[in-house]
Amino acid sequence: MNTLIDIISKELKQAFTDCGYDEKYGQVTVSNRPDLCQYQCNGAMAAAKEYKKAPIMIANEVVEKVNKKLFSEVTAIAPGFINIKVCPYYLTLYLEDMQHAKKYGYEEQAKGQKVIVDYGGPNVAKPLHIGHLRSAVIGESVKRLCRFAGNEVIGDVHLGDWGLQMGQIIEELRDRQPDLCYFDENYTGEYPEEAPFTISELEEIYPAGSGKSKTDEVFKERAQTATARLQEGYAPYIALWKHILNVSVADLKKNYSNLNVNFDLWLGESDAQVYIPAMIREMEEKGYARESMGALVVDIAEETDTKELPPCIVRKSDGAALYETTDLATIIQREKDYNPDRYIYVVDKRQELHFIQVFRAAKKCGLLPTEKDLFFLGFGTVNGKDGKPFKTREGGVMRLENLIAGVNEEVFKKVMSGREMAEEEAKEISKLIGIAALKYADLSNQASKDYIFDIDRFTSFEGNTGPYILYTMVRIKSILAKYAETVGQADGVIAHPFGGENESREYGAAEIDLMLTAAKFNDVIAHAYQEMAPHKICQYIYEMANAFNGFYHANKIMSEDDKHKQGEWIALITLVLHLLETCIDILGFEAPERM
Ligand code: ARG
């Protein structure tokens, strides 16, 4: 379906043309004075210069000419603005079309394009912490938004599974359990299926090894050697590494799924390593890379740069590969296995330079066609009230698991306060509300900005919060259930049409406001997709929840005597509920039946 704003603009463009002016002046925008009108057109102001006429004269002519059928008001206002209100009856027709249209009238913008979303980015053997929250939450939402827009989307967790930490774990394990077969050079049997550690042991082994590496030179060298042997493919270490990976990934999956975050691919840095030698060779042979103080670098600076960008180092002087090398090789791997049209990386914005280097080097070295879009979606930090990165009360790094548990507990208290509910049910509901609180708080901020973690505010049932959105949805659900009960319809599905016979009925201001908000759905999604901005969807559902609550307080839906009107209202709020459900699904959370 065309967006409402396009339909209105079309009418105004027609009127401008009919009056002999360029149609471009007919573009309409959402009013910045909603107290006066819903939409406005400022084209007469601009046209005045070209046609050397007073803007108000042009505005008057256009208003005279415009097809009034769509509008309840089109007025020229000095010095030359055109104020517009849409006829409520027309709105009902538009909403009726939405109700029956695929995706409620949103036309897929990106059909057939394939996209890889690289998000999550956890490092194996390390528990997820608050620093992993945003990539997971924003990435999941971006993935769903792309999917809704018609993309074929692949979400890849891109594990950090190949670095020095592996050697540190191996050597620390040797110190703890020297008799394991993996450390017996003469061992020739099969390696056990069972890992020699649990996840909680692993989470202890890793920091112990990493700590020793910092203070103990001998241990550090051992860890480096073990890493090198692993990377050369030494079988016992590969076997150990697989254990580390399996134990860790099982735990990561559990934690991500508690956040309603799911990946299509569980690949990692290790999967790209096979491509490195040939990639480096080609960079050297084709002259893309040059030696610089023993290292191999690719120059990526461009003339138009406003600040100097350092070259991308692809091999250190000791021959080792770096983070950049792996990301470049991962592009080769993805090109070969998936051939996407677009790459979206959802990573901390402090890594921006890294991605500029990688993107430029990748194109320069011909790892992928230049027209392919490499997009860095950098996000800001979650801070504490002191404005510094959020910490636990003891000053440590906050584990994601504990963060989620804390939010759920806070919500649970609110759910239980002043009401009867079985504890079991309240726990389940609190989990849904907790995820919504956390994700909404994160997503409602523009991704690139930092924000302050404020559990009281995030879990409040009032204000611009996830729980408020869910509360509104639950309220709609309960009205629909009541209506279904009294009118005798099953499971709250109401197919009552909008519009219909009563073209001239009165519409209240709150009702019009709600209709207008609902009608913006396709426009909002289109912009959110274009700008990869889930916060636009948050803004929209907050606006919708407010509009619904205004409507709810202005009208007694259940005791309305005019049954036709009541039916229209039910149809309207059913649509509103469906739109909200669609939006929160894109954001990555869901609503309970009651709360
Ligand atoms: N594991 C990395 C880190 O902890 C994040 C990975 C982001 N994705 C990427 N393709 N580099 O910083």
Side-chain angles (χ1 to χ4, degrees), residues 115-140 142-143 153-166 168-169 203 206-207 210 227 241 244-245 248-249 251-253 255-256 261 263-273 275-276 279 300 312-314 321-338 340 342-363 367-368 372-382 389 397-400 447-448 532:
V115 180
I116 285 206
V117 185
D118 178 317
Y119 71 111
N123 298 317
V124 300
K126 285 192 217 177
L128 292 176
H129 57 76
I130 189 166
H132 294 106
L133 177 70
R134 299 208 74 190
S135 182
V137 170
I138 298 168
E140 181 71 20
V142 160
K143 185 185 75 180
V153 194
I154 303 168
D156 183 6
V157 69
H158 197 68
L159 296 166
D161 61 356
W162 201 242
L164 186 61
Q165 80 261 37
M166 295 303 160
Q168 293 167 343
I169 294 169
E203 283 176 1
Y206 171 67
S210 142
T227 308
W241 170 75
I244 300 172
L245 211 60
S248 193
V249 164
D251 185 64
L252 287 170
K253 281 191 176 160
N255 279 294
Y256 278 124
V261 168
F263 299 92
D264 306 302
L265 297 179
W266 282 83
L267 298 179
E269 300 186 338
S270 65
D271 294 284
Q273 302 307 314
Y275 299 101
I276 292 179
M279 177 181 84
I300 51 105
C312 179
I313 306 176
V314 292
L322 303 90
Y323 188 36
E324 286 73 16
T325 324
T326 298
D327 263 321
L328 287 166
T330 303
I331 292 178
I332 298 180
Q333 170 233 323
R334 288 174 174 165
E335 282 296 297
K336 178 175 155 287
D337 295 341
Y338 304 101
R342 190 175 194 202
Y343 293 69
I344 302 176
Y345 295 81
V346 185
V347 184
D348 192 311
K349 72 175 177 197
R350 287 170 290 193
Q351 293 193 21
E352 185 173 13
L353 176 60
H354 164 79
F355 283 99
I356 294 177
Q357 291 176 315
V358 167
F359 293 174
R360 288 191 183 180
K363 296 238 165 130
L367 306 187
L368 79 177
K372 287 200 182 182
D373 182 26
L374 295 166
F375 183 75
F376 174 62
L377 202 167
F379 53 80
T381 312
V382 185
V397 177
M398 183 61 136
R399 283 180 74 140
L400 198 53
S448 61
M532 280 302 140

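Note that ligands are numbered from 1 as they come in the structure, with each ligand's atoms numbered from 1 the same way. For clarity, every value in this text was computed on a predicted model and none was experimentally measured.
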Among protein heavy atoms, which sits nearest to [atom], and what does the distance come to when rounded to 0.1 Å?
{"atom": "atom 6 (C) of ligand 1", "result": "Tyr323 OH, 3.4 Å"}
{"atom": "atom 12 (O) of ligand 1", "result": "Gln351 NE2, 2.9 Å"}
{"atom": "atom 4 (O) of ligand 1", "result": "Asn123 ND2, 3.3 Å"}

Hey, does the side chain of [X] reach the backbone of [Y] with a donor-acceptor pair shorter than 3.5 angstrom?
{"X": "Asp161", "Y": "Glu269", "result": "yes"}
{"X": "Lys349", "Y": "Gly380", "result": "no"}
{"X": "Ser210", "Y": "Tyr206", "result": "no"}
{"X": "Ser248", "Y": "Val124", "result": "no"}

Looking only at distances, please establish whether an N/O atom of ligand 1 is found under 3.5 Å from an N/O atom of Asp118.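 Min N/O separation from ligand 1 is below 3.5 Å for Asp118.
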Report yes if some N/O of Phe355 lies less than 3.5 Å from some N/O of ligand 1; otherwise report no.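 In fact, backbone or side chain, Phe355 has no N or O that close.
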I need the contact type for [X] against ligand 1. Using non-hydrogen atoms and a strict under-4.0 Å cut-off, is it side chain, backbone, both or neither?
{"X": "Phe376", "result": "neither"}
{"X": "Leu159", "result": "neither"}
{"X": "Asp327", "result": "side chain"}

Contact between Gly160 and ligand 1, counting heavy atoms under 4.0 Å?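 Checking ligand 1 against Gly160, which is what was asked, there is no heavy-atom contact under 4.0 Å.
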What are the atoms of ligand 1, with element, lying closer than 4.0 Å to any heavy atom of Val347?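 Matching atoms, with element in brackets: 7 (C), 8 (N).
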Taking 4.0 angstrom as the limit and counting only heavy atoms of Tyr345, give me the atoms of ligand 1 inside it, by number and element.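 Those atoms are 10 (N).
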Parallel, tilted or perpendicular: which describes the rings of Phe263 and Tyr119, with under 30° parallel and over 60° perpendicular?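 Tilted.
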Assign the ring pair Tyr323 / His354 to parallel, tilted or perpendicular, where the plane angle (0 to 90°) is split at 30° and 60°.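 Taking His354 first and then Tyr323, their aromatic rings lie parallel (interplane angle under 30°).
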Charged N to carboxylate O under 4.0 angstrom, Arg134 versus Asp348?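 Salt bridge between Arg134 and Asp348, a charged N being under 4.0 Å from a carboxylate O: no.
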Only one of Ile344, Asp264, Val115 forms a side-chain contact (heavy atoms from CB on, under 4.5 Å) with Lys143, so which one is it?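 So, applying the side-chain contact (heavy atoms from CB on, under 4.5 Å) to Lys143 and each of Ile344, Asp264, Val115, only Asp264 qualifies.
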